[in-house]
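Below is one structure, written out as structure tokens; comments come after it.
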Number of protein chains: 2
Amino acid sequence: MNIGQAATASGVSAKMIRYYESIGLIPKTLRTEAGYRVYSDHDVHTLRFIRRSRDLGFSVEQIADLVSLWRDRERASKDVKTIALDHVSVLERKIRELQEMASTLRHLAENCCGDSRPHCPILEELASDEPLPVHTKTDAKFGALGKA
Amino acid sequence: MNIGQAATASGVSAKMIRYYESIGLIPKTLRTEAGYRVYSDHDVHTLRFIRRSRDLGFSVEQIADLVSLWRDRERASKDVKTIALDHVSVLERKIRELQEMASTLRHLAENCCGDSRPHCPILEELASDEPLPVHTKTDAKFGALGKA
DNA sequence: TGTAATCCTTCCAATCATGGGAAGGTCAAG
DNA sequence: CTTGACCTTCCCATGATTGGAAGGATTACA
């Protein structure tokens with residue numbers, strides 16, 4: 001199987017397959033005499049594992065760990081779970097940040113009549129010296145992303 | 001005011017101030033004879049506007065639009081509101097994507113006992129050929145993160 | 001006055017995962 | 001034997017930001 005077929009079968013683009021090989025996430029494949037990379041069904045299976053991990057937002061570094069745990073039949077499921085739950089925490093933090101932004105912006109936009117007149121509370125708020133009003137329901141004290 | 005003081009006063013790093021100047025987001029400043037950039041309070045005000053916009057997740061491109069609307073006393077508030085609400089949509093889409101990932105992962109992790117034995121549903125699922133089970137629709141919903 | 005510390009300048013590089021494209025070699029079908 | 005679809009490597013771009021090196025300017029202090 002050439003790289004294009006492996007790409008189609010796995011859902012990982014040929015570009016990314018070469019990239020993953022270059023950074024050592026997947027081993028170097030066999031080559032034909034002409035230098036074409038050759039892939040087996042097993043390789044495609046690994047690529048699909050990688051793609052599914054990416055779909056869940058894991059970084060390439062974490063995927064390297066997951067792949068090595070996957071290959072290790074002596075692994076402790078605890079190690080996998082730790083990686084997964086650490087990632088969930090990261091996702092949840094990002095979600096909270098984005099929710100805070102969206103919520104603040106929605107409230108600013110609500111107070112802007114959005115017509116042809118120039119008066120605009122959104123701009124006023126951006127130009128203000130006061131801290132941005134945060135409108136999350138629960139926890140509002142995570143400070144925006146700036147570093148004070 | 002030198003760039004370092006402007007950075008401290010605005011919350012935008014000196015590096016980023018130079019970058020914003022290089023891409024044209026802010027105009028080129030006056031320089032001392034030695035070539036040092038000189039900033040006024042007004043410049044700092046603009047930089048703070050930019051930082052607050054960044055804190056809300058606006059891209060530099062959008063910020064350029066916001067700054068130019070801010071400067072334009074003839075603007076229509078509609079134009080500002082459109083930018084803001086478009087951005088809210090983008091934020092909401094990202095939030096949903098991340099929620100889906102987190103939700104799926106939490107469910108996978110729940111079924112992993114996380115001990116020293118090798119059996120692990122997380123890896124099994126990543127290695128499976130079936131579509132990843134998404135848990136947003138059934139039980140997790142969008143509000144599941146509210147408490148987390 | 002000397003000197004050391006702290007600023008400032010520009011330029012280059014790296015991040016992270018991905019795509020685009022050029023230049024050139026290979027393969028299969030007509 | 002040509003054409004078109006594939007493959008190869010290499011370089012570049014993204015977005016926002018940080019890091020650092022090399023070198024000049026300013027400031028502080030003895």
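What you see is a predicted model, and the numbers here were worked out from it, not measured in a lab. Residue numbers begin at 1 in each chain, while the letters A, B, ... track the order of the sequences.
- Counting any heavy atom pair closer than 4.0 Å across all strands shown, B:Thr32 reaches no nucleic acid atom.
- Distance CZ (B:Arg18) to P (D:dA16): 19 Å, rounded to an integer number of Å.
- One atom, NZ of B:Lys15, and another, P of D:dT18, lie 10 Å apart when rounded to the nearest Å.
- In this structure, the ring pair (Phe, Tyr, Trp, His ring centres under 6.0 Å) partners of B:His45, at least two apart in sequence or on a different chain, are B:Trp70.
- By the side chain to side chain contact (heavy atoms under 4.5 Å, CB included) test, B:Glu92 pairs with A:Arg106, B:Val88, B:Arg96, sequence neighbours left out.
- For residues 82-91 of chain A, no pair satisfies side-chain hydrogen bond (donor to acceptor under 3.5 Å, both in side chains), with sequence neighbours left out.
- Contacts of B:Glu21 classified as side-chain hydrogen bond (donor to acceptor under 3.5 Å, both in side chains), with partners at least two apart in sequence or in another chain: B:Arg37.
- Note on B:Phe58: nothing from the nucleic acid sits closer than 4.0 angstrom, heavy atoms only.
- Using modelled atom types, one side-chain atom of A:Gln5 and one backbone atom of A:Asn2 make a donor-acceptor pair closer than 3.5 Å.
- DNA chain C is contacted by both B:Gly35 and A:Glu61; B:Gly35 maps to the nucleotide lying nearer its 5′ end (nearest heavy atom per residue).
- Rounded to an integer number of Å, the gap from OH of A:Tyr19 to P of D:dT8 is 18 Å.
- Partners of A:Asp43 by side-chain hydrogen bond (donor to acceptor under 3.5 Å, both in side chains), not counting sequence neighbours, listed by chain and number: A:Ser40.
- The side-chain heavy atoms of A:Ser77 and B:Pro118, taken from C-beta on, include no pair separated by under 4.5 Å.
- Closest-nucleotide positions on DNA chain D for B:Glu33 and B:Ser59 were compared, and the one nearer the 5' end corresponds to B:Ser59.
- Contact check, A:Arg31 against D:dT9: a side-chain N or O comes under 4.0 Å of OP1 or OP2.
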Can you list, pair by pair, the side-chain donor-acceptor contacts under 3.5 Å of residues 51-58 of chain A, counting residues two or more places apart and other chains?
{"unit_1": "A:Arg51", "atom_1": "NE", "unit_2": "A:Ser10", "atom_2": "O", "d": "2.9"}
{"unit_1": "A:Arg51", "atom_1": "NH1", "unit_2": "A:Asp55", "atom_2": "OD2", "d": "2.7"}
{"unit_1": "A:Arg52", "atom_1": "NE", "unit_2": "B:Glu125", "atom_2": "O", "d": "3.2"}
{"unit_1": "A:Arg52", "atom_1": "NE", "unit_2": "B:Leu126", "atom_2": "O", "d": "3.2"}
{"unit_1": "A:Arg52", "atom_1": "NH1", "unit_2": "B:Ser128", "atom_2": "O", "d": "3.4"}
{"unit_1": "A:Arg52", "atom_1": "NH1", "unit_2": "B:Glu130", "atom_2": "O", "d": "2.6"}
{"unit_1": "A:Arg52", "atom_1": "NH2", "unit_2": "B:Glu125", "atom_2": "O", "d": "2.9"}
{"unit_1": "A:Arg52", "atom_1": "NH2", "unit_2": "B:Glu125", "atom_2": "OE2", "d": "3.4"}
{"unit_1": "A:Arg52", "atom_1": "NH2", "unit_2": "B:Glu130", "atom_2": "O", "d": "2.7"}
{"unit_1": "A:Ser53", "atom_1": "OG", "unit_2": "A:Phe49", "atom_2": "O", "d": "2.9"}
{"unit_1": "A:Arg54", "atom_1": "NH1", "unit_2": "A:Phe58", "atom_2": "O", "d": "2.6"}

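- Residues passing the salt bridge (charged side-chain N to carboxylate O under 4.0 Å, His left out) test with A:Arg18, sequence neighbours excluded: none.
- Bracketed by its first and final contacts, the part of DNA chain C lying under 4.0 Å from non-hydrogen atoms of chain A reaches from C:dA17 to C:dC27 in 5' to 3' order.
- Residues B:Leu66 and B:Ile50 form no side-chain contact, since every pair of their non-hydrogen atoms from C-beta on lies 4.5 Å or further apart.
- With sequence neighbours excluded, no residue satisfies salt bridge (charged side-chain N to carboxylate O under 4.0 Å, His left out) with A:Asp41.
- Atom CD of B:Glu21 and atom P of D:dA16 are 17 Å apart (whole Å).
- Distance check: A:Ile17 CD1 to A:Thr29 OG1 gives 9.5 Å after rounding to the nearest 0.5 Å.
- Inter-axis angle, ends of the helix from C:dT1-D:dA30 to C:dG30-D:dC1, five pairs per end, rounded to 10 degrees: 20°.
- Within a 6.0 Å sphere centred on CZ of A:Arg73, heavy atoms belonging to other residues, nucleotides or ligands number 12 at most.
- Of the residues in residues 36-48 of chain A, those placing a heavy atom less than 4.0 Å from an atom of DNA chain C are A:Tyr36, in numerical order.
- Judged purely by atom type and a 3.5 angstrom limit, A:Lys81 uses its side chain to pair as donor or acceptor with the backbone of B:Cys112.
- Annotation: proximity of residues 1-11 of chain A to DNA chain D (heavy atom, distance under 4.0 Å) is found for A:Asn2, A:Ile3, A:Gly4, numbered in ascending order.
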